[in-house]
Number of protein chains: 2
Amino acid sequence: MATLKQIGKELGLSVTTVSRALNGFPEVNEATRVKVRETAERLGYRPNRIAQRLVTGRSGMVGMILKIKPDMSADQTFFQTLTGMTAALAAHETDLVLAVDQDADPVQAYRKLLERNIVDGFILNAPVRDDPRIAYLKDQNIPFVLHGRDRDAPDYPFYDIDNHAVSTDAVDLLANLGHRRIALINGEVQYTFGLDREAGFRQAMAGRDLAPGWIVNDATLEQQGYQAALDMLSQANAPTAFVCFSTLVAAGVMQAARDKGLSIPKDVSIVAHDDALPQTRAIEFNPALTVTRAPLRDAPEPLVNHLISVLRGAAATDHQQLVRAELILRGSTGPVPSVP
Amino acid sequence: MATLKQIGKELGLSVTTVSRALNGFPEVNEATRVKVRETAERLGYRPNRIAQRLVTGRSGMVGMILKIKPDMSADQTFFQTLTGMTAALAAHETDLVLAVDQDADPVQAYRKLLERNIVDGFILNAPVRDDPRIAYLKDQNIPFVLHGRDRDAPDYPFYDIDNHAVSTDAVDLLANLGHRRIALINGEVQYTFGLDREAGFRQAMAGRDLAPGWIVNDATLEQQGYQAALDMLSQANAPTAFVCFSTLVAAGVMQAARDKGLSIPKDVSIVAHDDALPQTRAIEFNPALTVTRAPLRDAPEPLVNHLISVLRGAAATDHQQLVRAELILRGSTGPVPSVP
DNA sequence: TTTGTGTTTCAAAACGTTTTGAATCGGGTG
DNA sequence: CACCCGATTCAAAACGTTTTGAAACACAAA
């Protein structure tokens with residue numbers, strides 16, 4: 001591996017000058033700079049990141065810790081996010097160190113990575129309410145950025161979609177179509193996104209004096225959506241509309257409605273939230289799904305950029321981003337059926 | 001952050017002595033060592049890995065590059081492997097840098113990580129025949145270890161199961177039960193494990209003068225297993241036994257047999273290879289599945305240990321491990337039906 | 001007292017970079 | 001000629017560790 005010293009010796013220059021020439025400092029003669037560049041190229045010089053990091057005091061790596069579920073599966077969305085993230089990080093000469101959390105204590109894995117002086121900061125996802133990881137990292141004064149929020153109006157950098165509005169938008173749409181009996185098939189309420197969706201739903205319903213009589217939480221799979229909807233549709237005074245946590249859950253709900261001999265949107269309306277994952281495309285449903293849409297692939301780049309800025313010393317609160325999901329009207333929603 | 005120098009000043013010792021005391025060198029007075037340990041503990045000393053790495057010339061990180069399929073899903077098996085790997089690496093003070101390969105050129109992502117002097121070596125998986133990544137890493141003289149092999153009798157460290165034997169064992173079992181028309185529902189033949197399974201199958205069939213008339217490749221999903229088996233079972237002189245690439249594929253084959261009104265194992269026998277993933281448990285099939293079994297969770301630790309040894313200078317060929325899958329007889333195999 | 005011996009400690013170099021503060025040079029100005 | 005100035009280059013320090021070769025010390029043997 002070529003070093004600055006070798007390039008210097010080759011040209012009769014000091015390492016100082018070589019370093020400055022390569023790093024674009026203005027006080028070096030343009031002719032010298034060209035020669036240095038040439039020689040560096042010829043010798044195949046690559047800066048030794050380790051040495052750079054020792055002197056700058058930063059490691060140039062950020063950590064991310066995966067929480068794996070007991071069934072060893074992980075978030076469906078993880079690979080989508082990971083791909084975007086490594087690409088965005090590479091643009092800032094930064095690498096991603098991945099670890100898996102297998103501990104009971106959610107903070108343990110972060111502590112371990114920190115103690116080894118490996119990473120400059122963290123990317124967190126899937127926060128729970130008052131997340132202990134966040135308390136820990138703030139206490140230790142470690143930079144991090146969150147995909148999501150663990151509370152309203154936090155004081156750390158984050159990128160999140162407005163999950164509260166996701167629900168209120170859906171309820172507003174359905175209520176304006178005349179629906180009164182609206183169900184929520186929600187995701188995991190251990191996470192704030194689930195909690196926010198439920199809170200938004202309850203508030204929107206309350207604002208219109210509607211009773212939130214049908215709420216099912218912790219449904220993430222198609223099968224769970226199917227089962228929940230089937231139960232509800234079998235009752236007297238069944239709901240006429242469903243707000244679904246995901247397009248996958250909506251697929252289950254749709255199947256349940258069909259199995260009950262109900263047609264969409266004549267008898268039952270369905271709104272889902274669409275993370276725009278490649279597996280289940282809302283527009284290919286039959287009928288095409290009305291959705292609140294916030295592509296997950298939009299998240300990694302802002303997320304990474306926020307973190308990089310903060311690592312460079314920017315104020316945490318300058319890097320908060322709350323995006324509103326888009327409401328896209330398609331064929332799965334219609335006016336409430338006249339009389340049941 | 002406390003440093004060696006600070007500990008030294010605190011105790012009136014040189015950094016040399018402090019360093020040696022903490023690293024367990026024999027030539028330091030036991031009383032001194034105790035004092036140093038105490039002070040280090042009290043000051044919360046953590047060695048600066050970056051500095052350590054600069055002087056030792058090793059980064060203490062290994063890289064792994066994920067190949068993501070066009071549908072953005074990844075290997076079902078990935079999380080299983082990842083968990084075991086980070087745990088095994090942590091035992092050697094080593095961290096995992098993850099990157100995603102989004103290039104047409106499979107070597108590009110490796111080159112990038114290397115040019116940045118980030119990693120000491122690589123863990124590769126899912127090799128193709130004469131894998132270009134392996135050629136590149138060997139040419140560059142970069143340590144690596146492979147999960148799988150890209151050819152027979154390679155000269156690099158690997159951990160692999162004997163995929164050839166997986167097929168021959170299955171065929172032998174079925175042929176000994178009297179089956180003559182044996183089908184193979186194989187996985188992706190772009191990878192060597194798929195190729196080896198097919199080669200083993202053909203060889204075992206040829207060894208018994210049986211015609212390998214039913215071979216389907218590139219089936220990884222339940223649906224694909226179902227479709228392939230349904231096609232075969234609809235033909236005249238349909239196969240009486242199936243060798244399946246995975247338990248997931250076997251589930252599809254089983255369903256196809258049932259849909260054809262065939263019972264298992266009376267009319268159709270099924271053998272599958274079982275990676276022992278938590279999602280599809282062969283023993284819970286009905287009837288319980290006869291399998292060749294090689295738990296994927298067994299792989300990460302030997303894999304990591306091989307790599308660590310090689311990083312420490314061991315000979316590459318001392319760290320090759322070929323394990324033979326276990327044949328487990330259960331209820332899905334039986335004698336060939338008397339007359340069709 | 002001197003010499004030898006084993007134990008324990010130390011100063012200094014090294015890793016490759018960035019950064020600080022100073023030196024050198026050529027050329028103009030007084 | 002003496003001085004100053006801008007442009008360019010340099011030597012040295014620093015980051016925190018490991019490692020080398022030598023020094024210091026205590027104690028026993030000669």
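Chain naming here is simple, since letters A, B, ... match the order of the sequence lines and numbering starts at 1 in each.
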Student: For B/Y136, check ring-ring contact (aromatic ring centres under 6.0 Å, His included) against everything at least two apart and list the hits.
Tutor: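 Applying ring-ring contact (aromatic ring centres under 6.0 Å, His included) to B/Y136 gives none.
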Student: Looking at five pairs on each end of the helix from C/dT1-D/dA30 to C/dG30-D/dC1, what is the angle between the two axes, given to 10 degrees?
Tutor: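 Computed from the C1' atoms at both ends, the axes differ by 90°.
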Student: Salt-bridged, B/D150 to B/R129, with N to O below 4.0 Å?
Tutor: no
Student: What's the closest nucleotide to the B/L54 side chain, out of D/dT9, C/dC10, C/dG16?
Tutor: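 Per side-chain heavy atoms of B/L54, the pick is C/dG16.
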Student: Would you kindly give the CG-to-P distance between A/N29 and D/dT8, to the nearest whole Å?
Tutor: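 Distance, rounded to whole Å: 5 Å.
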Student: According to ring-ring contact (aromatic ring centres under 6.0 Å, His included), who are the partners of A/F144, at least two apart in sequence or on a separate chain?
Tutor: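 A/Y156.
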Student: Quick one: closest heavy-atom pair of B/A99 and A/T86, and the distance?
Tutor: CA-CG2, 4.1 Å
Student: Rounded off to whole Å, could you give me the CZ-to-C1' distance for the A/R49 and C/dC15 pair?
Tutor: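 One finds 17 Å between C1' of C/dC15 and CZ of A/R49, rounded.
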Student: Whole-Å distance between C/dT8 P and B/L11 CG?
Tutor: 17 Å
Student: Is A/K35 paired with A/E38 through a side-chain N to carboxylate O contact shorter than 4.0 Å?
Tutor: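 Here A/E38 does not pair with A/K35 in a salt bridge, since their nearest N and O are not under 4.0 Å apart.
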Student: Find the distance A/L13:CG to C/dG16:P and express it as a whole number of Å.
Tutor: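 So the CG-P distance, A/L13 to C/dG16, works out to 19 Å.
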Student: Find the distance B/R58:CZ to C/dG16:P and express it as a whole number of Å.
Tutor: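 Taking CZ of B/R58 and P of C/dG16, I get 16 Å after rounding.
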Student: Generate the contact string for nucleotides 17-28 of chain D. Rules: B means base contact, S means sugar-phosphate contact only, - means no protein heavy atom under 4.0 Å.
Tutor: BBBBB-------
Student: Remember a base hit wins even if backbone is also touched, and classify A/G8 as base, sugar-phosphate or nothing at under 4.0 Å, heavy atoms.
Tutor: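 Since no nucleic acid heavy atom lies under 4.0 Å of A/G8, the category is nothing.
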Student: Would you call B/D155 and B/K138 a salt bridge, taking side-chain N to carboxylate O under 4.0 Å as the test?
Tutor: yes
Student: Taking side-chain hydrogen bond (donor to acceptor under 3.5 Å, both in side chains) as the definition, give me every residue that meets it alongside A/E27, ordered by chain and number, with sequence neighbours left out.
Tutor: A/R20
Student: I'd like to check the side-chain hydrogen bond (donor to acceptor under 3.5 Å, both in side chains) partners of A/Q140; sequence neighbours left out, ordered by chain and number.
Tutor: none
Student: Respond yes when some side-chain nitrogen or oxygen of B/T17 is under 4.0 Å from OP1 or OP2 of C/dT9, and no when none is.
Tutor: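 Answer no for this pair, as no side-chain N or O of B/T17 is under 4.0 Å from OP1 or OP2.
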Student: Take atom CD in B/E301; do more than 12 heavy atoms of anything else shown fall under 6.0 Å from it?
Tutor: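 It does not: B/E301 CD has 12 such atoms or fewer within range.
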